[in-house]
Participant: 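The structure's right below; bear with me while I get my questions together.
Both backbone and side-chain heavy atoms feed into the values below; hydrogens, waters and symmetry mates do not. Just so it is clear: chains get the letters A, B, ... in the order the sequence lines come, proteins before strands, and each one is counted from 1.
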Amino acid sequence: MTTLTKSSEQPEGREVTELDRVTIRFVGDSGDGMQLAGTQFTKTSAVLGNDISTFPDIPAEIRAPQGSLPGVSGFQVSFSSHDIFTPGDAPDVLVAMNPAALKTNIGDLPRGGILIVNEDEFSETNLKKAAYKDNPLTDGSLSAYRLYKVPITSLTQRALKDTGLTPVQIDRCKNMFALGLTYWMYSRPLDTTIRWVQEKFGKNKAVADANVMAVKAGHAFGETTEMFASHYIVPKAKLKPGLYRNITGNEATALGFITASKLAGRPLFYGSYPITPASDVLHELARLKKFGVRTFQAEDEIAAIGATIGASFGGSLALTGTSGPGLALKSEAIGLAVMVELPLVIMDVQRAGPSTGMPTKTEQADLLQALYGRNGESPVAVVAPATPSDCFNIAIEAFRIAVKYRTPVIFLSDGYLGMGSEPWLVPNVDDLAPIDPDFASDAATFKPYARDPQTGAPPWAIPGTPGLEHRIGGLEKADITGNVSYDPNNHDRMVHLRAEKIERIVQDVPDVEVMGEPGGPLLVLGWGSTYGAITTAVMRAQAQGKKVTSAHLRHLNPLPKNLGEVLRRYDRVLMPEVNLGQLRLIVRGKYLVDAIGLNKVAGRPFTIADIENKITELLG
Amino acid sequence: MVTTDRPENVGGLTRKDFVTDQEVRWCPGCGDYSILAQTQRVMPELGIPRENIVFISGIGCSSRLPYYMNTYGFHSIHGRAPTIASGLKASRPELSVWVVTGDGDAFSIGGNHILHVLRRNVDLQIILHNNEIYGLTKGQYSPTSEFGKRTKSSPYGTIDRPLHPLSVAIGAEATFVARAIDIDAHQLAATLDRAARHRGASFVEVYQNCNIFNDGAFAEFAAKEVRADRTILLEHGKPMIFGKEQNKGLRLNGMTFEVVTIGENGVTEADIMVHDETREDPSVAFLLSRMEGPAFPVPVGVIRAVQRPTYDQLMQQQLDEIARAEGPGDLRELFTEGDTWTVE
Ligand code: SF4
């Protein structure tokens, strides 16, 4: 809770406090429905007009034992009366449904934070499963927090005792009770959730009614009990006018790719092998077949990209998607696409590595793999979205580059972006520029490796076009004719031509813009999902009068043409990355700028405080 | 657009129209020459416009074939041709897509893909040039080399058992399984033609002599002088009879085949099993796929040809049905799915 602006007495004698930002984290057992409670809270707040940002914390194990520490699932939502860029560093409110959830999350709750626990679940067995020796609710260890012990399980049972549902079904409604309570605390209406419940369980009226009763019971509990001295309001944010919806990064990515397909007038082909955290995109695209999307769930990562290359050869907008280990498997085939110069987008939703690493945790450590992880001189374009909704724009941008320059483009998202959500200003489809596939058709002038003078790209000649029969492949090809060639000078020329083509993309890359002074003592330079934390930290530092500026990169290869000049206008450059300094290596090598790294590789995004502290350390 | 329902219209094309200007670079005497020649010979008879034909290969001697076919071609990476072909065919079902592969390409590095392209029944022609050796890398044993084979990489003999490509194909649910011999031009051409006309994944194993690193690997039964006695040409609806005298046949005895001679021990033609390539149950086809000399003749011809919906056809059908049921996708509608709100 960042600012307390005013307090007033309500008729019933309780205080209403206005806040400008609140972050709530719901935590419980995987079976407790915490993701659902979180997304409902998010929707309600979004519809209410707050700016929001969310991030789920899903356990790695699908079915960890009930009540155990690895089985804890969480969802954090931050809502605000002004623009926000991250789901919040630390929660202001922690709702913990059992001892394991309390144990794994209490460390993140600042002293003085609100802690709501489901008292009923603190039984001896559950305490043991969470490795608590003494009951934290009674041993005084939680005295630093504003602790509210609410018997959520029994209150839910009591509220629903006449519904005729089984005890198990009733138990499943306790997340709704907790949700209702938080709705009361933050003065949220119940109607968005009630409508959703009725749609979702429409067929099963008893279950729908029970869920509605539970959310109402939670709300009524807050209102009637004397337990809570005050409740809060968070006014609407002043967002850009327009129509909004809440969107996760992976959803925005899928929508961006479908939109690119429409803009190009070519069907989308998606070759993929299931992998966390990229599978959501496969699910989304498989659901949207009415847009003519062909999804191909391949036997492995290699087949996924192989099929995609085949589809690209045939003239589809061809996409393959994966996460880090899958990108490693696709390397050889990406090299083939580089060699045959076919448009292709490879989506990598990065996760913590190396190897299997931590599949549900985020990281930015595939950058060098994306740039260089292939044999030979094998340049590709690389782009990275900055926020969940930006995934939409960058997905389209990836295909724009791929088609125009006949090249593989790697789209580097990550788990934090993919699973995180924020409001999205719904774009007007007519405002988006078309993508021209520009297929070759003239047999008289066709040469497989003749290049466009402006882009350096060869023609896209698809099977079915009479007179353009030709052979492509992974062997080095002679310039212009495309015949197999072992000529040393030709190889040297082709290596340079392929590299030059990627460099030419820079003509379509917008200059990097800075937020703050055009020069000065410190620039914070980021890429990908660090945007939210960097932007917020720099804005806060600026508000304190600190001379600090930020800039963010969405194009990582080629880099914007003014980047070197921008970097030199600052005495020092700080580069926060969720890796050991991969972009910093490039920036130092390319611009001879002695950038300073801020590197934390904990499977989590940076907090705003991480970056603020570093700025303070550097500027005093 | 020409579909897989191929009109018998030659379109005025001849074998020469399928020859490129590239110099063919296999060793003189290599069995690949014959496979190339028969492929080029069969093409005009399929009545498919040249621009709708695509040859896709992996890596190996055989995989150079697309360079010599005047169609669209793609010489890809080791073992992955079935994946590229699947993506192309699934997105462009009107094309005639051929996969050219070898024993190492298809069954060593690309083993996984072969299984899946067959089980999906993607409408492709997969031509396996089986020479039971690695030729391009100069003579190491392959997954079809015989047990104990001495090669550069197995100077003391191999200790790994070979697999039977046709048995694997049948196990992987292949709908069309056939075998040919490089030097039997007529039967090879006939088999390629049948493969092209089959709807679904057609798997053809061609015994291909590598005269440099594995010369004579098939001579024991494929040589002209002995072929009639040591191979059996399977023809649908006809009894499984072979031999120079056409007096030997295959009789099913319990769960195995046995070779019998018509006119001996009371055996008549009626005792000989009649070949039914359309039999859904793959058991007999499997027995045939494992049949080896010298005790048995080596089967050639079409072993199995059953009809099942193809992957590309099902994909198209599903898209058409969804389009009919749900109407064309509307981006505006998609963008505003779920809860939306307006900020004034
Ligand atoms: S090495 Fe063998 S298979 Fe390869 S081209 Fe020469 S003869 Fe043919």
Participant: Using the rule given for side-chain contact (heavy atoms from CB on, under 4.5 Å), can you reason through Phe74(B) versus Arg471(A), listing the C-alpha separation, both sets of side-chain angles and the distance that settles it, and then say yes or no?
Facilitator: CA-CA 6 Å; Phe74(B) 199 155; Arg471(A) 273 63 57 192; over 6 Å; no
Participant: Please output the residues of residues 109-119 of chain B in contact with chain A, using a heavy-atom cutoff of under 4.5 Å, in numerical order.
Facilitator: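 At a heavy-atom separation under 4.5 Å, chain A is reached by Asn112(B), His113(B), His116(B).
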Participant: Is it the case that more than 12 heavy atoms not belonging to Arg287(A) sit under 6.0 Å from its CZ atom?
Facilitator: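 For Arg287(A), atom CZ is crowded (more than 12 foreign heavy atoms under 6.0 Å).
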Participant: Counting only heavy atoms closer than 4.5 Å, note whether Ala90(B) contacts chain A via side chain, backbone, both or neither.
Facilitator: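 Ala90(B) touches chain A through backbone and side-chain heavy atoms alike.
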Participant: Which one, Ile56(B), Asp320(B), Thr340(B), leads in non-hydrogen pairs under 4.5 Å with chain A?
Facilitator: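 The answer is Thr340(B).
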Participant: What part of Arg120(B) lies closer than 4.5 angstrom to a heavy atom of chain A: side chain, backbone, both or neither?
Facilitator: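 It is the side chain, since no backbone atom gets that close.
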Participant: State whether the side chain of Glu51(B) and the backbone N or O of Thr465(A) hold a donor-acceptor pair below 3.5 Å, judged by distance alone.
Facilitator: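 No: the side chain of Glu51(B) does not pair with the backbone of Thr465(A).
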Participant: Sort out for me which of Leu336(A), Leu239(A), Val426(A) touches chain B most, counting heavy-atom pairs under 4.5 Å.
Facilitator: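 Of Leu336(A), Leu239(A), Val426(A), Leu336(A) has the most heavy-atom pairs under 4.5 Å with chain B.
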Participant: Tell me the ring-ring contact (aromatic ring centres under 6.0 Å, His included) pairs involving residues 292-311 of chain A, sequence neighbours left out?
Facilitator: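 Only Phe296(A)-Tyr311(B) qualify under ring-ring contact (aromatic ring centres under 6.0 Å, His included).
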Participant: Quick one: which of Ala311(A), Pro466(A), Ala46(A) has the most heavy-atom pairs under 4.5 Å with chain B, could you say?
Facilitator: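 The residue among Ala311(A), Pro466(A), Ala46(A) with the greatest pair count is Ala46(A).
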Participant: Check whether any side-chain heavy atom of Ile462(A) sits under 4.5 Å from a side-chain heavy atom of Tyr72(B), and report yes or no.
Facilitator: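 No, too far: nothing below the 4.5 Å cut-off.
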Participant: With a 4.5 angstrom heavy-atom cut-off, could you sort out which part of Asp330(B) is near chain A: side chain, backbone, both or neither?
Facilitator: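 Asp330(B) touches chain A through backbone heavy atoms alone.
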Participant: Among Asp21(B), Leu334(B), Val97(B), Val54(B), which residue forms the greatest number of heavy-atom pairs with chain A at distances under 4.5 Å?
Facilitator: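 The residue among Asp21(B), Leu334(B), Val97(B), Val54(B) with the greatest pair count is Leu334(B).
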Participant: Looking at chain B, which one of Lys262(A), Glu199(A), Lys290(A), Met339(A) has the largest number of heavy-atom pairs inside 4.5 Å, strictly under?
Facilitator: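 Option with the greatest count: Lys290(A).
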Participant: Which bit of Ser312(A) is near chain B, if near means a heavy-atom gap under 4.5 Å: side chain, backbone, both or neither?
Facilitator: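 Interface part for Ser312(A): neither.
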Participant: Of all of Asp300(A), Thr308(A), Asn246(A), Ile309(A), which one pairs up most often with chain B through heavy atoms under 4.5 Å apart?
Facilitator: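 Looking at each option in turn, the highest pair count goes to Asp300(A).
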Participant: If I measure from the heavy atoms of chain A, does Glu326(B) come under 4.5 Å with its side chain, its backbone, both, or neither?
Facilitator: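 Its backbone and side chain both get close to chain A.
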Participant: At a heavy-atom separation under 4.5 Å, does Trp196(A) approach chain B through its side chain, its backbone, both, or neither?
Facilitator: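 Trp196(A) has no heavy atom closer than 4.5 Å to chain B.
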Participant: The criterion is side chain to side chain donor-acceptor pair (under 3.5 Å); which residues satisfy it with Thr71(B), sequence neighbours excluded?
Facilitator: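 In terms of side chain to side chain donor-acceptor pair (under 3.5 Å), with neighbours along the sequence ignored, Thr71(B) is linked to no residue.
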Participant: So which residue, Lys43(A), Glu332(A), Lys238(A), ends up with the most heavy-atom pairs under 4.5 Å with chain B?
Facilitator: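 Heavy-atom pair counts peak at Glu332(A).
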Participant: Looking at Asn375(A), I want to see if its CG is surrounded by more than 12 non-hydrogen atoms of other residues, nucleotides or ligands under 6.0 Å.
Facilitator: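 At most 12 heavy atoms, drawn from other residues, nucleotides or ligands, come within 6.0 Å of this atom.
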Participant: Of the backbone (N, CA, C, O) and the side chain (C-beta and beyond), which part of Val340(A) lies under 4.5 Å from a heavy atom of chain B, both, or neither?
Facilitator: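 Val340(A) touches chain B through side-chain heavy atoms alone.
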Participant: Heavy-atom cut-off 4.5 Å, strictly under: side chain, backbone, both or neither for Leu342(A) against chain B?
Facilitator: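 The side chain, not the backbone.
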Participant: One pair to check against side-chain contact (heavy atoms from CB on, under 4.5 Å): Arg294(A) and Met315(B). What are the steps and the verdict?
Facilitator: CA-CA 8 Å; Arg294(A) 289 168 194 265; Met315(B) 184 180 273; 3.6 Å; yes
Participant: Just so I understand: if I count every heavy-atom pair under 4.5 Å between each of Thr192(A), Leu425(A), Val484(A) and chain B, which residue has the most?
Facilitator: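 The candidate making the most pairs under 4.5 Å is Val484(A).
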Participant: Is Leu468(A) in contact with chain B via its backbone, its side chain, both, or neither, using a 4.5 Å heavy-atom distance?
Facilitator: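 The answer is both parts of Leu468(A).
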Participant: With a 4.5 angstrom heavy-atom cut-off, which part of Lys236(A) approaches chain B: side chain, backbone, both or neither?
Facilitator: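 No part of Lys236(A) comes within 4.5 Å of chain B.
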Participant: Chain A heavy atoms under 4.5 Å from Ser57(B): which part of the residue, side chain, backbone, both or neither?
Facilitator: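 Neither; nothing under 4.5 Å.
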Participant: Begin with the C-alpha distance, continue with both residues' side-chain angles, and end with the deciding distance and a verdict on side-chain contact (heavy atoms from CB on, under 4.5 Å) for Asp17(B) and Glu469(A).
Facilitator: CA-CA 11 Å; Asp17(B) 291 308; Glu469(A) 295 84 0; over 6 Å; no
Participant: Can you list the steps and then say if Glu251(A) with Glu337(B) is a side-chain contact (heavy atoms from CB on, under 4.5 Å)?
Facilitator: CA-CA 11 Å; Glu251(A) 284 167 352; Glu337(B) 251 181 9; over 6 Å; no
Participant: If the condition is side chain to side chain donor-acceptor pair (under 3.5 Å), which residues does Asp431(A) pass it with, not counting sequence neighbours?
Facilitator: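 Asp431(A) satisfies side chain to side chain donor-acceptor pair (under 3.5 Å) with no other residue.
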Participant: Using atom types as modelled and distance alone, determine if a side-chain donor or acceptor of Arg80(B) lies under 3.5 Å from a backbone N or O of Ala333(A).
Facilitator: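 No, the answer is negative, given that no donor and acceptor are paired below the 3.5 Å cut-off.
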Participant: Using the ring of each side chain (for Trp, its six-membered ring), is Tyr244(A) parallel, tilted or perpendicular to Trp341(B), with breaks at 30° and 60°?
Facilitator: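 Rings of Tyr244(A) and Trp341(B): parallel, as their planes differ by under 30°.
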Participant: Could Glu321(B) and Lys289(A) be called an ion pair, given the rule that one side-chain N must be under 4.0 Å from one carboxylate O?
Facilitator: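 Answer for the salt bridge query: no.
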Participant: Against chain A, work out which of Leu88(B), Thr20(B), Thr336(B), Ile53(B) has the most heavy-atom pairs shorter than 4.5 Å and name it.
Facilitator: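 Of the options given, most contacts go to Leu88(B).
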Participant: Is there a donor-acceptor pair closer than 3.5 Å between any side-chain N or O of Arg92(B) and the backbone N or O of Pro463(A)?
Facilitator: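 Pair found, side chain donor or acceptor close to backbone of Pro463(A).
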Participant: Is the closest side-chain heavy-atom distance between Thr259(A) and Leu331(B) below 4.5 Å?
Facilitator: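 Yes; the side chains approach each other to less than 4.5 Å.
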